[in-house]
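In what follows, a single structure is set out as structure tokens and then discussed.
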Amino acid sequence: MALIYIVEDDLNIREIEAFALKNSGYHIQDFECAKDFYAAMREKLPDLVVLDVMLPDEDGLSIVKAIRSNPESRKLPIIMVTAKTTELDKVKGLDQGADDYLTKPFGVMELVSRVKALLRRCGGKAEEKVYSLKGISLDNEKHAVFVEGRQIELTFKEFKLLQLLLQNAGIVTSREMIMERVWGTDFEGESRTLDMHIKTLRQKLGEQGTMIRTIRNVGYMIE
């Protein structure tokens, strides 16, 4: 899944943004100042940045300008977030190179929707063709799963469930996210269906099935 950097000095807002995007399946790193954000950018470029305009050490507009002036990051999708509401402020942000603009206060669903739309518009990160982890190999193009080189037969839902877990290897995937991504619903009454699919998936994976861990009251992870 896409990696998103959140740059926001308000801890409460930053935590809300991070929680909403994590629950939508994105990998998140968050920063309270420009200095830490720049350090992370030197290590790895994200797929999208959610950037507050008012930061303690540097104005968000100048950060956008710096991102756009760097050949390696000039096409990086940016959503600016600010408490300012005048049209001129929005124009300044867009003129500097921001791709979209959110004005505080905003709903988390709007944030998630804007992120999804911008990633689609900019191409996002292509889905990997093959996911591999400790003897398990999932081939998206062939829609096939192999364990220690031996192909195993999975139902469509089992395949999508394993794919989601492998996409988020080492990270807890909530029950709500799994239900929404695999079954297209967050109806809690269907959670028994998830438990049964996890059980059969573990059985079909054999010894590798023990890699799927139950995180009590949260969800599942593979590691």
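All values derive from a computational prediction rather than experimental measurement.
A donor-acceptor contact shorter than 3.5 Å links the side chain of Arg114 to the backbone of Tyr101. Put simply, the side chain of Ser24 gets close to the backbone of Ala20: a donor and an acceptor are under 3.5 Å apart. With hydrogens and angles disregarded, a donor-acceptor distance shorter than 3.5 Å links the side chain of Asn168 to the backbone of Leu164. A donor-acceptor contact shorter than 3.5 Å is absent between the side chain of Arg150 and the backbone of Val147. Between the Ser69 side chain and the Lys65 main chain, a donor and an acceptor come within less than 3.5 Å of each other.
Within the 4.5 Å cutoff, no side-chain heavy atoms of Thr193 are placed close to those of Asp195. Taking the side chain as every heavy atom from C-beta outward, Leu21 and Val112 approach each other to under 4.5 Å. Looking at Ile212 and Ile198, their side chains come closer than 4.5 Å, going by heavy atoms from C-beta outward. With a 4.5 Å cut-off on side-chain heavy atoms, His143 and Asp139 do not count as touching.
With a 4.5 Å cut-off between side-chain heavy atoms of Ile, Leu, Val, Met, Phe, Trp and Tyr, the cluster of Leu11 takes in none. Side-chain contacts under 4.5 Å among hydrophobic residues (ILVMFWY), followed directly or transitively, place Val218 together with Val172, Ile215, Met221.
Hydrophobic cluster membership differs between Ile16 and Val50, with clusters built from Ile, Leu, Val, Met, Phe, Trp and Tyr side chains linked at under 4.5 angstrom. In this structure, Leu166 is a member of the same hydrophobic cluster as Val182, with clusters built from ILVMFWY side-chain heavy atoms closer than 4.5 Å. Hydrophobic clustering (side-chain heavy atoms under 4.5 Å, transitive across Ile, Leu, Val, Met, Phe, Trp, Tyr) keeps Ile13 apart from Ile79. The hydrophobic cluster containing Ile136 does not contain Ile171, counting ILVMFWY residues as joined when their side-chain heavy atoms lie under 4.5 angstrom apart, directly or transitively. Hydrophobic clustering (ILVMFWY, side-chain heavy atoms < 4.5 Å, transitive): Ile222 and Phe146 are in distinct clusters.
Closest approach of Asp57 to Lys35, counting heavy atoms only: OD2-N, 3.1 Å. Of all heavy-atom pairs between Asp99 and Pro77, the closest is OD2-CA, 3.2 Å. Taking every heavy atom of both residues into account, Glu72 and Leu45 meet most closely at O-CD1, 3.2 Å. Residues Ser73 and Arg68 come closest through the heavy atom pair O-NH1, 3.7 Å. Of all heavy-atom pairs between Ala144 and Gln151, the closest is CB-NE2, 3.6 Å. For the pair Met54 and Asp9, the tightest heavy-atom approach, listed with the atom from each and the gap, is O-OD1, 3.4 Å.
For the pairing with Asp47, the side chain to side chain contact (heavy atoms under 4.5 Å, CB included) check across Val115, Ile4, Leu119 returns one residue only, Leu119.
The ring-ring contact (aromatic ring centres under 6.0 Å, His included) pairs that include a residue from residues 47-80 number zero, where partners must be two or more places apart or lie in different chains. Residue pairs meeting the ring-ring contact (aromatic ring centres under 6.0 Å, His included) criterion with at least one member in residues 2-52, sequence neighbours excluded: Tyr5-Phe31.
Scanning for ring-ring contact (aromatic ring centres under 6.0 Å, His included) contacts around Tyr220 gives an empty result, with sequence neighbours left out. Remark: Glu8 pairs with Lys104 by the side-chain hydrogen bond (donor to acceptor under 3.5 Å, both in side chains) rule, at least two apart or across chains.
Side-chain contact, Gln163 with Tyr131: no donor N or O sits under 3.5 Å from an acceptor N or O.
For Glu153, the CD atom counts as loosely surrounded, since its 6.0 Å shell holds 12 or fewer non-hydrogen atoms of other residues, nucleotides or ligands.
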